[in-house]
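Okay, structure first, notes after.
In what follows, chains are A, B, ... by sequence order, proteins preceding strands, each numbered from 1.
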Amino acid sequence: MNEPLELKKTVNLPKTDFAQKANLGQSEPARLKKWTDAKLYEQIREVRNGAEKFILHDGPPYANSDIHLGTALNKILKDFVVKSRTMMGFDSPYVPGYDCHGLPIETYVEKKLKEKGKNKNDLPVSTFRRLCREHAEHAMDGQTRDFSRLGILGEWENPYLTMSNDYEAETARLFGKFLERGYVYKGLRPVYWCIHDQTALAEAEVEYKEHTSPSVYVKFPLKSDAGLIDEKLKNKRVFVVIWTTTPWTLPANLGITVHPDFYYSAVEANGEVYIVASELAKSFAETCGLGEAKELVRFKGKQLDKLEAKHAWLDRVSLLMNGDHVTLGEADAEVELDVRFENKAANKSGTGCVHTAPGHGHDDFVIGKLYGLEIYCPVDNAGRFTAEVEHFAGENIFKANPQIVEFLRESGALLYTESYNHRYPHCWRCKNPVIFRATPQWFISMDDEAQNGEKISLRANALQEVERVNWHPNWGEGRMRNMLKSRPDWCVSRQRSWGVPIPVFYCSACDEAVADAEIVNHVADIFQAETADAWYNREAKDLLPENFKCPKCGGADFTKETDILDVWFDSGSSCIAVLETRPNLQFPAEVYLEGGDQFRGWFNSSLMCGLAAHDNAPYKQVVTYGWVVDGEGKQMHKSGGNAISPNEVVKKSGAEIIRLWASAMDITEDVRCSDEILSRITDAYRKFRNTLRYALGNLDDFNPESDKAALQEMLEIDRWVLAELDGVTEKVVRGYENYDFQMAYQTLYNFVTVTLSARYFDIIKDRLYIFAPKSVERRSAQTALYEITDKLCRLLAPILAFTADEAFENLPNQTLESVHLAEFPKVSGTDDSKLLTDWERIFSIRDEVLKSLEEARNAKGIGSSLEAKVILTVDKETTRFLIAYYEDLRYIFIVSQTEVHEGDALNVEIQKANGAKCERCWNYSVLVGESEKYPTACERCVNALMEIEKI
RNA sequence: CGCAAUGUAGCUCAAUGGCAGAGCAAUCGCUUGAUAAGCGGCAGACGACAAGGUUCGAUUCCUUCCAUUGCGACCA
């Protein structure tokens, strides 16, 4: 007989290399390196080669700054999609992109130049563009580093850039496509204009300063029959009164806008009737010194719609229109220009009838378009009235102001004038006041029907396509539809340098615009070879085909268009420039996934581009998510101190925490983030990690090849947990399918905390530790553990990309190099409903027992639950139910003994366990001391020890 | 100002035309063989708020109000 074993050493305690402390700050970069070294992304492509494609097309983030939480969320959600679809068996390549052109980069570069005492205009355009390119490259490098640090797998070495030569060429070609289909026209549109520098200005180049303007009240005689408004006005001399601080725009007046829902009054004074907003009638009469003005009638602005007035002095119609932009207080296009003009309520100037000059104001332009007015702008580049302007031709507009006022006074149209102080936009460079002036711009028409192909307008086509797209959440469709219905023609011109030039030429002889797809394609080929810089480096003739002649006059001398394309045109082109040029991608994409701000942005511009090229939407599905806000639901601002930097979270807690956060939130609405939320998420992470660790620790001596228990010899509770796992698998995969990552997270987290940690793991601990290593009882539990861990890793992999991979790697006999090469587990398909309901019942009884144990503990009756004996009284039916589990109950309750008695209702009595505590398993037994060899062990342990001795 | 979405315990989420559930946190306790871990008990929202409507009855349906966020309109 051999020596007795040292009891403590015979307990099968967990053992694993899977560390309890994650140390994500170090372990994540190490794993990233491992993935890179192993060419994991390429391996995945290899493994999925030939499988059905699932293309998520990446909306390019703007390449001008560090990533923020919003962009991090964006990329992580995309990674969830790509990884989960990959694990569903699809071939889902991910090609990230960058939006490289545009104003923010220009202004940044200009600012930097300024700091060095240089000016953009002193540099050749090509040099300026080079600086922009360098800045974009720099920002891109940083973003690539930060995005890939988040564990996002993709073609980071080969992303698409809207400033690459290939891409710029495709962008130009797509513009050619729009031209070819007849969607493009050149029109007028008001922009900020500096008459000193003679250039258009962007918003960002305008600054607001105090300025004194002459304000005037001017009456426009009503031309239409006043009886149409009200019988009482019939045969009266009726005038509509407008107010403005820019008399010089009056020659361009083509209409008067009133609010459809405001009330207007016709007031009589001095034998004339004036129409003004009712609310302002009194102050109007006072200001203009009309004395006791008598209100004749009151009516809604709606009634004035489409009536006609006569221009104050010109023989021209001024159309009455309805517009929602009309406000009471100040009502003038140029004051409206001033966005910082905030004391509207205090201001009692105005009449509620807005002087509308479509060539000189944004609202004026929009409403003018709507009512079919000409975009009339009789002011030249230098700010002088053109020859057609009676009385004031050739005059500088600001100098003309007093002349116009005087003229109005003389002609009797003026009711009142005074000096008016307000904030007015000035040119940031020359500090002179700017004007709003319509200049020629390139537009893409929403309503013109295409000249070839389908006879359908872009708008109509877009609305049709929207129906065929799957929107997540589904209210996205309505939102997109609303946007499409109301959007104006797309102005694609930008008076800027950093972008794709609009490849159009002008004949020097006859001024004909050469806007032709064939010529555009010729230019695009040059872009392909030299980037769009060629536009600036070459002469017009070197960009045109050889011996090209003006189709109108035969002229051979041309100038180049100076406008570039809107950056939204750039990114919108990606559905062609990327999806159709990369061999592993295809048009249309399966899905676009962006924040809700992209309805008007990329979803829209991509749609237009897709339609122009193929009459198809570029996406089959669109997923949108909410805005990232702070813990109070407030917007995050760098200056507000409530912004959370993803890079700092990564450094402090690890990318996994941000990933887990992204999965745990309801992304269909505003996504909150705060220190508290992140700390909760960190707790959840630990729970996931510890659970995996426990399982791995107990699989240390388990070889799935040889040690697996057959299903029929497994203990019922082990089969039960596998049945639960089946349900979890189904729900989680469905969550991924529906882009409902929260569902995946909640399901997994609930499974881990409740099903596993609190119930199953706690209960099987005894079996795993105490029974002989190779006993059926232990192998049965290990078999379940192995299944659980394997499947859990796969289900977690899209979210916890690092940790799931690490755990997966620690599974015994792992042959796959990475969990990301694996597929999601399949659901067994067996009907486990009885198993599940039976155990639900057992656990509800267990809950009662645990409650009683706690009471006993508080009464100092017991400490550890193993010190207890449970005496259960249950009704007849339950007694019968429990018979089959009689031997297992003590393990389920984690007590030393259990008795079941039949009675009326459920009752739990806790007593001290019988016998003595076994030194090995800590259970109490009356048989401790029976064994001579192991006098401190119970009968169960003695048996186990015999087994162990045989080894 | 217009359009849209959202509004349930400290946090993250559930559910339902008829007693609002869970996990985490907090708190109290047990354990010290998952240990900078594990288990349990208790408690916590009369339901964002106010008004009204439908109903036998509403947190759940409808109208209005309030708040937040996004988009747009005079900002980006």
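Aromatic ring centroids of A:Tyr192 and A:Phe436 lie under 6.0 Å apart.
The phosphate of B:U35 has OP1 or OP2 within less than 4.0 Å of a side-chain N or O from A:Arg693. Between A:Lys687 and B:C39 there is a side-chain polar atom (N or O) within less than 4.0 angstrom of OP1 or OP2. The side chain of A:Gln746 places no N or O atom within less than 4.0 Å of a non-bridging phosphate oxygen (OP1 or OP2) of B:A14. Here A:Lys765 reaches the OP1 or OP2 of B:A34: one of its side-chain N or O atoms lies under 4.0 Å away. Dashed line: the shortest gap from a side-chain N or O of A:Tyr769 to OP1 or OP2 of B:A34 is under 4.0 Å. Put simply, A:Trp627 has a side-chain N or O that comes within less than 4.0 Å of OP1 or OP2 on B:G70. Close to B:U12, at under 4.0 Å from its OP1 or OP2, lies no side-chain N or O of A:Gln742.
The base of B:A34 lies close enough to the side chain of A:Ser757 for a donor and an acceptor atom to sit less than 3.5 Å apart. Within 3.5 Å, a donor on the side chain of A:Lys8 pairs with an acceptor on the base of B:G33, or the reverse. Residue side chain A:Glu854 does not reach the base of B:G41 through any donor-acceptor N/O pair under 3.5 Å, judged by distance alone.
Within 4.0 Å (heavy atoms only), A:Glu919 reaches at least one base atom of the nucleic acid. Within 4.0 Å of A:Gly697, counting heavy atoms only, lies no atom of the nucleic acid at all. Residue A:Ala684 is out of contact with every strand shown, counting any heavy-atom pair closer than 4.0 Å. Among the protein residues, A:Phe599 comes within range of no part of the nucleic acid, since none of its heavy atoms lies under 4.0 Å from any strand. Here A:Asn12 lies out of heavy-atom contact (under 4.0 Å) with every strand. Residue-level contact check: A:Asp762 touches the backbone only, with heavy atoms under 4.0 Å from sugar-phosphate atoms and none from bases.
When the nearest nucleotides of RNA chain B are assigned to A:Met483 and A:Arg686 by heavy-atom distance, the more 5′-ward of the two goes with A:Arg686.
Stacking of A:Arg759 on the aromatic ring of A:Phe843 is recorded, both the 6.0 Å distance cut-off and the 45° axial limit being met.
A:Gln598 places a side-chain N or O within 3.5 Å of a backbone atom of A:Trp602 that can act as its donor or acceptor partner.
Distance from the side chain of A:Lys851 is smallest for B:G41 among the nucleotides B:U12, B:G41, B:C3. In this structure, of B:U68, B:G33, B:C39, it is B:U68 that holds the atom nearest to the side chain of A:Lys634. When the nucleotides B:G70, B:U12, B:G40 are ranked by their closest atom to the side chain of A:Leu850, B:G40 comes out on top.
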